[in-house]
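Worksheet: one structure, shown below.
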Amino acid sequence: MTVAFYTAIILIVLWSPFSVCFNHTGWLRRISQTPFPEVRMRHMRHSGLSAEPFVWPLKKEAVVEGDLLLGGLMMVHSREDTQFTCGPIMAQGGIQTVETMLYTLDQINKQWTKFKIGALILDDCDKDTYGLEMAIDFIKGSISNIDETQYFHCNKSQVRKVISGVVGAASSVTSVQVANLLRLFKIPQVSFWSTSPELSNKQRFEYFTRTIPSDLYQVKVMVEIVRRLGWSYISIIYEESSYGIKAFEELEKLMPRYNICIAAKEKLVKDSGVAEEKAYDDIVIKLLSKPKAKGVIVFGSDQEVVSLMKAVRRNNATGNFSWIGSDGWSARDMVSATNEAEVEGCLSVQPQANPVIGFEEYFLGLTVENNKRNPWFTEFWEEHFQCRYPKSVRTPYNSNYSVECDSKFHLREKIPKFENQLQFVSDSVLAFAHALYDMHSYHCGPDFVGLCEAMKPVKGPELLMYLRKVNFTGLTGDNFHFDDNGDGPARYNIIHFKQVEPGIFKWIKVGVYSDGKLNLNMSEMRFKTDTSNPPESVCSLPCQKGQAKQYLEGEKCCWHCFNCTQYQIRSPTDETRCEVCPGGTLPDSNRQRCLEIPEAFLKAGSSWAIGAMTLSVAGIAITLLVISVFIKHNHTPIVKAAGREVSYVLLSGILLCYLITFVLVLKPTDIVCAVQRFGVGFCFTVVYAALLTKTNRISRIFNAGRRTVKRPKFISPKSQLVICTGLISIQVLINGVWMLVSPPKVIHYYPSRESNILVCSSFINTSYVIAFGYPIVLIIVCTVYAVLTRNIPEAFNESKHIGFTMYTTCVIWLAFVPLYFGIGNHTPLRITTMSVTISLSASVTIVCLFSPKLYIILCHPERNVRQSMMPNMKLTGTKTFTTSNTNAFCNNSTRRRSSLTYKDSSTDMHISLENRKQVLERAVQTEETRIVSKS
């Protein structure tokens with residue numbers, strides 16, 4: 001309603017006293033007749049009434065005299081929009097609320113006697129426009145709340161007392177309209193059943209309070225019930241009123257937080273009139289179009305919901321839905337009494353209320369004769385007993401009663417169904433009473449009887465202040481106080497409609513909501529006669545473990561499930577995606593997370609490592625044996641002839657080749673990787689640098705002997721060590737640069753999806769070619785030298801041994817290369833192969849080069865003499881060279897050379913061309929013998 005509308009009402013009210021001066025009863029009649037004209041015979045033919053005209057609805061009021069008056073606005077009659085403004089009498093929500101207010105006033109006035117509280121109770125017929133019209137009576141005497149003066153009519157007998165406060169209305173939509181009017185006149189209002197969240201807005205409804213909690217809490221409880229039942233796809237039906245619309249808005253905000261989707265949302269007509277059957281049928285058909293949404297929240301009033309349940313029955317949809325009902329219709333006989341099968345299984349949220357002590361006994365003792373203060377009690381009596389009371393006023397609903405009400409009829413013989421929420425009506429009256437007595441005690445004193453001038457009239461803003469502060473124990477025994485929003489405490493009972501016996505249905509309590517917590521007894525529920533399990537109300541069942549969702553277009557709760565592949569899990573952040581487990585991990589059995597694959601590396605206890613280490617240990621033992629023999633026989637000719645300095649370097653390299661195996665089988669770390677990278681190439685370099693030095697020396701001596709008898713340069717032991725060290729230092733430089741450019745590190749290598757190998761980075765690619773590149777060059781050069789020196793005389797046969805060593809080494813490494821790169825995914829085997837290859841290369845070297853020398857030293861020491869290194873050699877001709885002739889020919893100590901022409905003791909003989917080669921070979925052998933003897 002707009003401000004202009006309420007302003008017009010105020011002008012009518014201000015003008016009405018002057019009209020009353022001429023006809024003090026006409027004003028009320030005009031107001032009543034303008035929007036709601038008399039209903040005459042032509043409207044009632046179908047009812048069987050006579051042609052005598054009558055007015056309906058009849059304006060009645062229940063009046064209790066008192067020093068202070070409280071207004072009461074009750075929905076005594078139900079709403080009717082087809083033909084009449086007011087429908088039939090409402091026993092539970094109407095008559096019982098009126099009597100609860102009257103009963104509570106009786107108890108207050110009995111207990112407190114300083115002043116009496118009276119009442120003016122009117123009927124709003126559960127219609128906001130009619131209720132607003134009735135509320136005008138409450139403001140007639142309240143003009144003084146605005147201008148601070150008592151209003152006087154021209155007829156003093158018609159002066160109305162000021163209404164101190166209003167109890168009601170029951171409906172939220174009516175309370176919104178009435179609250180807007182009462183706020184203009186500063187009249188406090190306390191509603192007992194209006195639960196719309198809109199009414200908690202104190203900027204708009206400053207003078208409105210209520211003893212029932214806001215629907216904001218009811219919505220929270222409903223959502224919590226939906227979650228507890230495991231529903232995620234539900235429909236919502238709400239009435240077209242402030243009560244339903246505001247609740248629906250809160251549901252729309254709250255449900256997405258818990259991933260609950262709305263399948264269908266339908267509106268029950270209320271404010272715009274009474275809907276026809278087709279409108280309800282259409283709602284049911286739309287619900288049936290979403291067959292997976294079994295759960296339905298119904299936020300409405302009993303008159304609309306009863307029509308909905310009839311539509312469910314008409315469309316053969318009984319048992320298809322499980323209802324969650326609001327407090328506006330559940331637990332009301334109007335809905336459930338004739339629709340048990342349709343309502344069965346319903347869960348409802350009801351504000352927690354206990355019976356008003358003594359009220360049922362009081363109500364059952366009432367009769368038409370002893371209850372004259374309630375003008376609607378006769379209608380209730382006729383409806384309850386289905387009879388016509390003598391001399392009662394004709395209504396559209398009592399004309400068909402043929403039985404006359406007997407004085408013997410009594411409520412105890414036919415006990416009516418009692419409303420469960422009468423506590424809120426009683427608490428509303430008590431709240432006003434406590435506020436008025438607190439105000440009286442402050443202004444008039446604790447012992448003053450009657451009203452003092454400060455309370456003539458009661459000022460609305462001050463009464464509101466006292467009202468919000470009340471804290472009392474009501475007639476139910478429960479403590480009551482208003483919260484910060486002027487609402488009652490959020491306490492709810494969860495009730496359930498089920499068949500307790502064949503054909504007998506009852507609402508039973510199955511849970512409680514208090515202090516923000518829901519306690520629900522699932523075992524007490526029966527959604528169908530034979531089961532306590534709630535029906536499924538989900539669009540799609542949860543995907544199984546290891547499955548992801550593919551949502552249907554336009555649906556947030558409907559999806560298809562698809563399997564993630566072998567090495568995928570469902571994304572923990574996006575349930576619509578499968579994620580591939582990163583390398584080194586595999587999905588767990590539930591495909592919920594990726595588990596790390598245990599690290600694999602060549603362990604010292606593995607059979608591969610044991611085999612490699614056994615070979616290395618044997619090689620180390622042999623090498624140490626050779627070294628010890630050489631040291632012991634360090635000054636013997638055969639050791640000297642082998643070039644002992646270079647031989648020791650060679651043996652050291654061989655020993656390093658065997659020792660590198662133990663580094664290769666260690667658990668990889670950055671330091672271990674660095675040692676491996678450096679050591680593998682270094683040990684080979686030491687071996688083949690020494691061999692190259694040997695072969696180079698032999699080759700240079702042999703080639704120089706062909707050209708001249710002059711001694712070659714750099715063939716002394718010291719020179720050989722320098723040359724060998726220079727060759728080795730090249731490898732050291734290469735390794736140093738390599739480590740700076742690509743630092744060694746340990747990594748996890750995943751050659752397959754199910755592997756997680758802990759390995760040095762250089763093992764997973766061809767980078768080890770850098771470590772072996774230089775040693776391979778040395779091997780090739782040594783092999784070339786071995787080939788070039790293969791024809792050296794048999795007496796000086798080390799070149800042949802070196803050649804055989806190099807040939808065998810080449811065969812080993814030619815076999816190693818394809819094997820190493822062919823087993824790239826088996827890193828432990830790759831490392832073992834490298835270790836064995838290195839050990840075999842070292843073994844070949846020590847066997848081929850040193851076993852002949854060991855054989856002579858250990859088995860034939862008689863041959864380990866200088867003469868054995870210089871056997872007699874015969875030339876092809878008639879002359880024989882003796883040792884003395886050879887020594888004279890190659891006298892290196894004097895460093896003087898003559899031409900390559902030899903003479904015997906008696907005659908000069910020119911050596912023939914065909915014998916020149918043998919002479920040169922003998923010259924080289926003599927030079928070697930000289931070096932050995934000098935050493």
Side-chain angles (χ1 to χ4, degrees), residues 617-659 682-683 685-701 711-712 714-728 782 789 792-802 804-805 842-871 887 890 892-893 924-935:
V617 169
I620 291 170
I622 295 173
T623 304
L624 293 176
L625 174 63
V626 173
I627 293 172
S628 62
V629 170
F630 265 53
I631 292 174
K632 184 176 181 180
H633 301 84
N634 191 47
H635 299 287
T636 60
I638 197 167
V639 174
K640 291 180 180 181
R644 54 189 175 183
E645 290 79 5
V646 178
S647 294
Y648 286 134
V649 172
L650 178 59
L651 288 169
S652 299
I654 293 172
L655 185 62
L656 288 175
C657 288
Y658 289 125
L659 291 175
F682 181 77
C683 65
T685 300
V686 172
V687 172
Y688 296 112
L691 286 176
L692 179 58
T693 303
K694 274 178 171 287
T695 56
N696 174 264
R697 175 173 173 269
I698 294 172
S699 177
R700 285 189 296 114
I701 293 174
R711 180 185 179 190
F714 308 118
I715 61 174
S716 65
K718 185 176 182 181
S719 299
Q720 298 300 297
L721 288 176
V722 171
I723 293 172
C724 186
T725 302
L727 293 174
I728 294 172
C782 284
T789 59
I792 290 178
E794 184 179 355
F796 186 72
N797 57 6
E798 189 174 30
S799 60
K800 294 183 179 180
H801 296 156
I802 293 175
F804 186 74
T805 300
S843 300
V844 166
T845 303
I846 201 168
V847 169
C848 292
L849 287 181
F850 293 97
S851 59
K853 296 177 178 59
L854 288 180
Y855 176 75
I856 293 173
I857 294 172
L858 298 177
C859 299
H860 297 282
E862 69 279 3
R863 295 173 56 184
N864 189 8
V865 292
R866 183 177 179 183
Q867 286 74 14
S868 67
M869 304 302 298
M870 298 178 294
N887 288 338
C890 295
N892 287 326
S893 62
V924 172
Q925 183 175 356
T926 303
E927 175 64 17
E928 288 293 334
T929 305
R930 186 194 65 79
I931 294 172
V932 170
S933 63
K934 188 173 182 178
S935 301

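Count residues from 1 along the sequence.
In this structure, SG on Cys683 lies 10.5 Å from CD1 on Ile654, to the nearest 0.5 angstrom. To the nearest 0.5 Å, atom CD of residue Glu862 and atom CD1 of residue Ile856 are 9.5 Å apart. Between Leu650 atom CG and Ile846 atom CD1 the span is 8.5 Å, to the nearest 0.5 Å. The structure places CD1 of Ile620 at 13.5 Å from CG of Leu625, a figure rounded to the nearest 0.5 Å. For the atom pair CG of Leu651 and CG of Leu624, the computed distance is 9.5 Å after rounding to the nearest 0.5 Å.
Closest heavy-atom contact between Lys640 and His635: CE-O, 3.2 Å. Closest heavy-atom contact between Gly653 and Val686: CA-CG1, 3.4 Å. Residue Val847 comes nearest to Pro852 through the heavy atom pair O-CD, 3.8 Å, listed as atom of the first residue, atom of the second, then distance. In terms of heavy atoms, Cys848 sits closest to Ser851 at N-OG, 4.4 Å. The nearest pair of heavy atoms linking Val639 to Ile857 is CG2-CD1, 3.8 Å. Between Cys782 and Leu691, the shortest heavy-atom distance links the atoms SG-C, 3.8 Å.
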Note to self: If you apply the rule side chain to side chain contact (heavy atoms under 4.5 Å, CB included), what do you find for Leu727 with Thr693, and how did you get there?
What the structure shows: CA-CA 9 Å; Leu727 293 174; Thr693 303; 4.0 Å; yes
Note to self: Please evaluate residues Thr845 and Tyr688 with respect to the criterion side chain to side chain donor-acceptor pair (under 3.5 Å), reporting the C-alpha separation (whole Å), side-chain torsions for both, the decisive distance (0.1 Å), and the verdict.
What the structure shows: CA-CA 10 Å; Thr845 303; Tyr688 296 112; 4.6 Å; no
Item checked: Derivation and outcome, side chain to side chain contact (heavy atoms under 4.5 Å, CB included), residues Ser647 and Lys694 -> CA-CA 9 Å; Ser647 294; Lys694 274 178 171 287; 3.6 Å; yes
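Tyr658 has its side chain out of reach of Ile622: every pair of non-hydrogen atoms, C-beta onward, lies at least 4.5 Å apart. Contact of the Leu849 side chain with the Phe804 side chain is not registered, since no non-hydrogen atoms from C-beta on lie closer than 4.5 Å.
Among pairs with a residue in residues 621-634, those fulfilling side chain to side chain donor-acceptor pair (under 3.5 Å) read Asn634-Tyr648, at least two apart in sequence or across chains.
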